[in-house]
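What follows is a set of notes on a single structure, which appears directly below.
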Amino acid sequence: MAFADGDPSSSSSCSSWDSDDEYQKFIQKMNPPRVTIDNASCANATTIHVDSANKYGILLEVVQVLTDLKLIVKKAYISSDGGWFMDVFNVTNQSGQKIMNESALEGIKDNIYKSIASSSCFLPSRRAIGFEPSSDYTLIELTGIDRPGLLSEVSAVLTNLDCNVMNAEVWTHNKRAAAVIQVTDRKSGLAILDAERLGRIKERLRNVFNGRSRDAKTIVAMGITHTERRLHQMMLEDRDYERYDKDRENANPMPMVSVVNWLQKDYSVVTMRCKDRPKLLFDTVCTLTDMQYVVYHGSVDTEGPQAYQEYYIRHIDGSPVNSEAERKRIIQCLEAAIERRVSELFR
């Protein structure tokens with residue numbers, strides 16, 4: 001997620017921040033990140049305070065850490081309008097209890113600190129979601145039209161090509177499917193390096209995933225990525241948020257998403273109400289990031305069966321939502337982010 005007073009929209013990399021790089025390093029050195037945790041501030045949750053010099057992507061990094069540690073965010077208060085990032089999260093474990101174990105608390109603190117202490121910037125691109133070279137396995141990404149038996153056919157193709165599936169995660173939504181699969185060579189147990197063989201794998205899988213209305217996409221690479229962040233990005237790129245009116249009528253109770261402009265402050269205010277579930281905060285923040293919006297202030301409340309989220313946002317270029325088409329697209333994409341994970345995940 002982007003957090004800064006500057007305008008990084010003129011570049012697809014960190015170049016727009018280069019002129020301020022030394023200044024940012026100085027600020028971070030003089031004001032190192034602070035992560036404090038206490039069990040006294042809230043009666044029914046552990047409170048995590050995160051304070052740091054503001055930088056691009058810091059909110060998503062913190063939310064991702066909390067999600068990966070399987071913590072449930074009951075309430076959150078977000079403020080990053082300017083040079084400083086200040087967030088408060090009230091969290092519980094999976095059983096709804098405070099985290100009382102001292103070593104667990106230190107682990108949470110250390111993981112958050114490491115995520116925000118990095119000097120690198122974060123951009124909503126594939127490289128920015130944790131993609132790193134690896135010789136341990138080959139990463140396969142697939143998107144296309146969903147249909148019965150699709151995963152079985154993919155598995156059969158990989159088996160015939162002497163691939164061993166280490167892990168596979170598949171999301172389906174609005175008749176679209178996306179998969180991230182980790183495979184190794186069956187004999188060596190390591191990543192597949194032969195370019196000709198990788199080409200055969202890619203071609204065979206593309207044929208299986210071939211769509212009728214849009215071309216299927218297949219990517220094969222050696223690397224490590226944050227699977228859920230990548231699946232959100234893949235489905236957004238595949239425009240799974242588009243649906244026919246008939247599909248909307250037959251869908252489960254729709255989340256309530258609204259976007260209005262606060263003209264006095266040049267913010268757009270995004271409000272969401274829906275049934276609460278694990279990882280909901282991660283899903284919505286991740287989607288706003290992929291759509292290149294900046295959260296300047298926000299609040300989250302999941303005390304009860306319904307979740308409420310409110311964000312004051314601007315586009316990465318500093319402008320609020322400036323058209324009806326843009327407003328509708330934000331609503332559609334956030335609805336899709338809320339719905340993707342619900343009973344449609346196969347791993």
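Note that the structure is predicted; figures quoted are calculated from it, not measured.
- Note that CD1 of I201 is 12.5 Å distant from CZ of R206, once rounded to the nearest 0.5 Å.
- A salt bridge links R229 with E61: the distance from a Lys NZ or Arg NE/NH1/NH2 to an Asp or Glu carboxylate oxygen falls below 4.0 Å.
- Interatomic distance, I192 CD1 to L161 CG, rounded to the nearest 0.5 Å: 8.0 Å.
- Side chain of E335 to backbone of Y241: no donor-acceptor contact under 3.5 angstrom is found.
- For the atom pair L71 CG and L66 CG, the distance stands at 6.0 Å (nearest 0.5 Å).
- Closest approach of S52 to W84, counting heavy atoms only: O-CD2, 3.3 Å.
- Rounded to the nearest 0.5 Å, atoms OG1 (T284) and CG (L288) are 6.5 Å apart.
- Tested against Y311 for a side chain to side chain contact (heavy atoms under 4.5 Å, CB included), the candidates V294, V269, I78, L334 yield a single pass: I78.
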| said: Could you go through I330 and K328, starting from their C-alpha distance and side-chain angles, then the distance that decides it, and tell me whether this counts as side-chain contact (heavy atoms from CB on, under 4.5 Å)? | reply: CA-CA 5 Å; I330 294 172; K328 288 183 177 179; over 6 Å; no
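- Two residues are said to be in side-chain contact when any heavy atoms from C-beta on lie closer than 4.5 Å; I48 and I108 meet this criterion.
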| message | Could you walk me through whether D185 and R197 satisfy the side-chain contact (heavy atoms from CB on, under 4.5 Å) test, starting with their C-alpha distance in whole Å, then the side-chain angles of each, then the deciding distance to 0.1 Å, before giving a yes or no? | response | CA-CA 11 Å; D185 176 74; R197 184 180 176 191; 2.4 Å; yes
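- Side-chain contact, R230 with Q233: a donor N or O sits under 3.5 Å from an acceptor N or O.
- Looking only at side-chain heavy atoms (C-beta outward), N322 and H315 stay at 4.5 Å or farther from each other.
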Which pairs would a plain distance check flag for residues 35-44, meaning a side-chain donor or acceptor within less than 3.5 Å of a matching protein atom at least two apart in sequence or in another chain?
unit_1: D38; atom_1: OD1; unit_2: A40; atom_2: N; d: 3.0
unit_1: D38; atom_1: OD1; unit_2: S41; atom_2: N; d: 2.7
unit_1: D38; atom_1: OD1; unit_2: S41; atom_2: OG; d: 2.8
unit_1: D38; atom_1: OD2; unit_2: S41; atom_2: OG; d: 3.0
unit_1: N39; atom_1: OD1; unit_2: T46; atom_2: OG1; d: 2.5
unit_1: N39; atom_1: ND2; unit_2: I99; atom_2: O; d: 3.1

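- Of the N and O atoms on the side chains of T271 and Q309, not one donor lies less than 3.5 Å from an acceptor on the other residue.
- The only member of V270, V260, N261 that meets side chain to side chain contact (heavy atoms under 4.5 Å, CB included) when paired with V321 is N261.
- Scanning for side-chain hydrogen bond (donor to acceptor under 3.5 Å, both in side chains) contacts around E153 gives R147, with sequence neighbours left out.
- I116 and Y77 fall into different hydrophobic clusters, defined by Ile, Leu, Val, Met, Phe, Trp and Tyr side-chain heavy atoms under 4.5 Å apart, directly or through other members.
- Panel note: side chain T302, backbone K74; a donor-acceptor pair is recorded below 3.5 Å.
- Nearest heavy-atom pair across S319 and D317 is OG-OD1, 2.7 Å.
- Taking CE of M256 as the reference point, atom OH of Y308 lies at 10.5 Å (rounded to 0.5 Å).
- Between V63 and L59, some side-chain heavy-atom pair lies under the 4.5 Å cut-off.
- Counting all heavy atoms, side chain and backbone alike, F89 lies closest to A76 at CD2-CB, 3.7 Å.
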| said: Assess the residue pair E326 and R329 against the criterion (salt bridge (Lys or Arg N to Asp or Glu O under 4.0 Å)); give the C-alpha distance rounded to whole Å, side-chain angles, the decisive distance to 0.1 Å, and a yes or no. | reply: CA-CA 5 Å; E326 182 183 3; R329 184 171 182 267; over 6 Å; no
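- By the rule that hydrophobic residues join a cluster once side-chain heavy atoms approach within less than 4.5 Å of another member, I72 and V62 end up as members of separate clusters.
- Listed for the N174 side chain is a donor-acceptor partner under 3.5 Å among the backbone atoms of D240.
- Electrostatic pairing of D238 and R176 counts as a salt bridge here, judged by a charged N lying under 4.0 Å from a carboxylate O.
- The residues D283 and R340 are annotated as not salt-bridged, no charged nitrogen and carboxylate oxygen being separated by less than 4.0 angstrom.
- Listed here is the closest heavy atom pair of H173 and E339: NE2-OE1, 2.7 Å.
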| task | Could you go through the side-chain contact (heavy atoms from CB on, under 4.5 Å) check for E228 and W171 one step at a time? | result | CA-CA 9 Å; E228 293 177 354; W171 285 7; 4.2 Å; yes
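- Annotation: side chain of T92 is not in contact with side chain of Q97 (no heavy-atom distance under 4.5 Å).
- Judged as a ring pair (Phe, Tyr, Trp, His ring centres under 6.0 Å), and not counting sequence neighbours, the contacts of F282 are H226.
- When all heavy atoms are compared, the tightest approach of M291 to C333 is SD-CB, 3.4 Å.
- Side-chain contact check for V183 versus N164: every heavy-atom pair is 4.5 Å or farther apart.
- In this structure, R314 is not positioned above the aromatic face of Y293 in the sense of NZ or CZ being under 6.0 Å from the six-membered ring centre and within 45° of the axis.
- Looking at heavy atoms from C-beta onward, K279 lies out of side-chain contact with L281 at the 4.5 angstrom threshold.
- For the pair R204 and V208, the minimum side-chain heavy-atom distance is 4.5 Å or more.
- Electrostatic pairing of R327 and E324 counts as a salt bridge here, judged by a charged N lying under 4.0 Å from a carboxylate O.
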| Stepwise, does the side-chain contact (heavy atoms from CB on, under 4.5 Å) test hold for H232 with R341? | CA-CA 10 Å; H232 271 303; R341 199 187 291 270; 4.0 Å; yes
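- The two residues A178 and M235 make their nearest non-hydrogen contact at CB-CG, 3.7 Å.
- T47 places a side-chain heavy atom less than 4.5 Å from the side chain of V88.
- How far CE of M254 is from CD1 of I338: 8.5 Å, rounded to the nearest 0.5 Å.
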